[in-house]
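Data block below; observations after.
On a predicted model such as this, the values are computed, not experimentally measured, just so you know. Note that these values count all heavy atoms, side chains included, but never hydrogens, waters or copies made by symmetry.
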Amino acid sequence: QVQLVESGGGLVQAGGSLRLSCAASGLTFTSYHMGWFRQAPGKEREFVARISRSGGTTYYADSVKGRFTISRDNAKNTVYLRMNSLKPEDTAVYYCGSTTGWGTAPSEYDYWGQGTQVTVSS
């Protein structure tokens, strides 16, 4: 049974930082590219960042480029999202997902976590 479990969300002031973690089990972690998405109330789930199987290639949405960093530790089956210079518009539920493709559409991802809430106050 595949499980992706996110953690690390919370309430932070604008300009602050958080690090999200996503621990994977029940799958061959190194067979999957990993991604982070977010969904704000009333909005569709949107792509944030993705990382290749080896961790050597990353890609970011323009809205987070230069502020967020995705990384992974294949020995721990975990992917991370370091978020700096947070803005109120970053407030959302953040989800990690796994994919064998290399896209940015949620439909291309096979497995999802339950999400972790990030709230940025102004």
Side-chain angles (χ1 to χ4, degrees):
Q1 180 182 356
V2 176
Q3 280 194 310
L4 302 178
V5 180
E6 300 98 335
S7 61
L11 173 64
V12 63
Q13 289 188 330
S17 299
L18 284 173
R19 190 180 81 155
L20 307 183
S21 300
C22 171
S25 61
L27 77 171
T28 304
F29 189 63
T30 52
S31 295
Y32 291 88
H33 307 302
M34 299 297 294
W36 284 97
F37 288 73
R38 65 188 181 187
Q39 189 166 16
K43 295 188 176 181
E44 293 186 352
R45 191 169 297 191
E46 67 170 357
F47 169 79
V48 173
R50 68 181 180 215
I51 188 166
S52 62
R53 297 180 185 95
S54 68
T57 303
T58 57
Y59 181 75
Y60 298 91
D62 287 343
S63 58
V64 306
K65 201 174 296 182
R67 300 188 298 123
F68 290 11
T69 303
I70 188 171
S71 61
R72 66 190 291 165
D73 185 336
N74 285 342
K76 295 182 178 180
N77 285 6
T78 301
V79 61
Y80 304 97
L81 185 69
R82 177 68 180 182
M83 305 185 295
N84 295 330
S85 302
L86 282 161
K87 304 175 182 180
E89 52 263 44
D90 294 317
T91 296
V93 177
Y94 283 72
Y95 299 89
C96 68
S98 62
T99 179
T100 55
W102 189 239
T104 60
S107 60
E108 298 180 73
Y109 285 70
D110 306 301
Y111 302 105
W112 293 95
Q114 82 291 346
T116 186
Q117 176 71 47
V118 172
T119 303
V120 184
S121 63
S122 56

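Taking 4.5 Å as the limit, some side-chain heavy atom of Thr57 sits within range of a side-chain heavy atom of Trp102. Side-chain contact between Trp112 and Ser98 is absent, with no heavy-atom pair separated by less than 4.5 Å. No side-chain heavy atom of Met83 sits under 4.5 Å from any side-chain heavy atom of Ser17. At least one side-chain heavy atom of Ser63 sits less than 4.5 Å from a side-chain heavy atom of Arg38. Between Phe29 and Arg72 the shortest side-chain heavy-atom distance falls below 4.5 Å. Contact annotation: the side chain of Tyr111 never approaches that of Thr99 to less than 4.5 Å [non-hydrogen atoms, C-beta and beyond]. Considering only heavy atoms from C-beta on, Arg19 stays 4.5 Å or farther from Leu81 through its side chain.
Rounding to the nearest 0.5 Å gives a distance of 8.5 Å between CG of Leu18 and OG1 of Thr116. Atoms CG and OG, from Leu20 and Ser7 in turn, are 8.0 Å apart once rounded to the nearest 0.5 Å. Separating the OH atom in Tyr80 from the CG atom in Asp73 is a distance of 5.0 Å, to the nearest 0.5 Å. The distance from atom CD of Gln3 to atom SG of Cys22, rounded to the nearest 0.5 Å, is 11.0 Å.
Classified by interplanar angle (parallel below 30°, tilted 30° to 60°, perpendicular above 60°), the ring pair Tyr94/Phe68 is tilted.
Ring centroid separation for the pair Tyr95 and Phe37 does not come in under the 6.0 Å cut-off.
The backbone N or O of His33 lies less than 3.5 Å from no partner atom in the side chain of Ser52, so there is not a single donor-acceptor pair. Arg67 contributes a side-chain N or O that, together with a main-chain N or O of Ser85, makes up a donor-acceptor pair within less than 3.5 Å. One N or O on the side chain of Tyr60 and one on the backbone of Ile70 form a donor-acceptor pair closer than 3.5 Å. With hydrogens and angles ignored, the 3.5 Å screen pairs a side-chain donor or acceptor of Gln114 with a backbone N or O of Glu6. A donor-acceptor pair is defined here as one N or O able to donate and one able to accept, closer than 3.5 Å; such a pair exists between the side chain of Arg50 and the backbone of Gly103.
Within 6.0 Å of NZ on Lys65 lie more than 12 heavy atoms contributed by other residues, nucleotides or ligands.
Each of Thr91, Thr119, Val120 was evaluated against Leu11; a single residue qualifies, Thr119, per the side chain to side chain contact (heavy atoms under 4.5 Å, CB included) test.
Between Ser122 and Pro88 the shortest heavy-atom distance is CB-CG, 3.8 Å. The minimum heavy-atom distance between Lys43 and Gln39, with the atom names listed, is O-NE2, 3.1 Å. Between Phe47 and Thr104, the closest heavy-atom pair is CB-O, 3.5 Å. Pairing each heavy atom of Thr78 with each of Ser21, the nearest pair is CG2-CB, 4.3 Å.
Hydrophobic clustering places Val2 together with Val79 (ILVMFWY residues linked when any side-chain heavy atoms are closer than 4.5 Å, directly or through intermediates). When the side chains of ILVMFWY residues are joined at heavy-atom separations under 4.5 Å, either directly or via intervening members, Leu4 and Trp36 end up in a single hydrophobic cluster.
The existence of a salt bridge linking Asp90 and Lys87 is excluded, since no basic side-chain nitrogen approaches an acidic carboxylate oxygen closer than 4.0 Å.
Thr30 and Asn74 form no side-chain donor-acceptor contact under 3.5 Å, judged by distance and modelled atom types alone.
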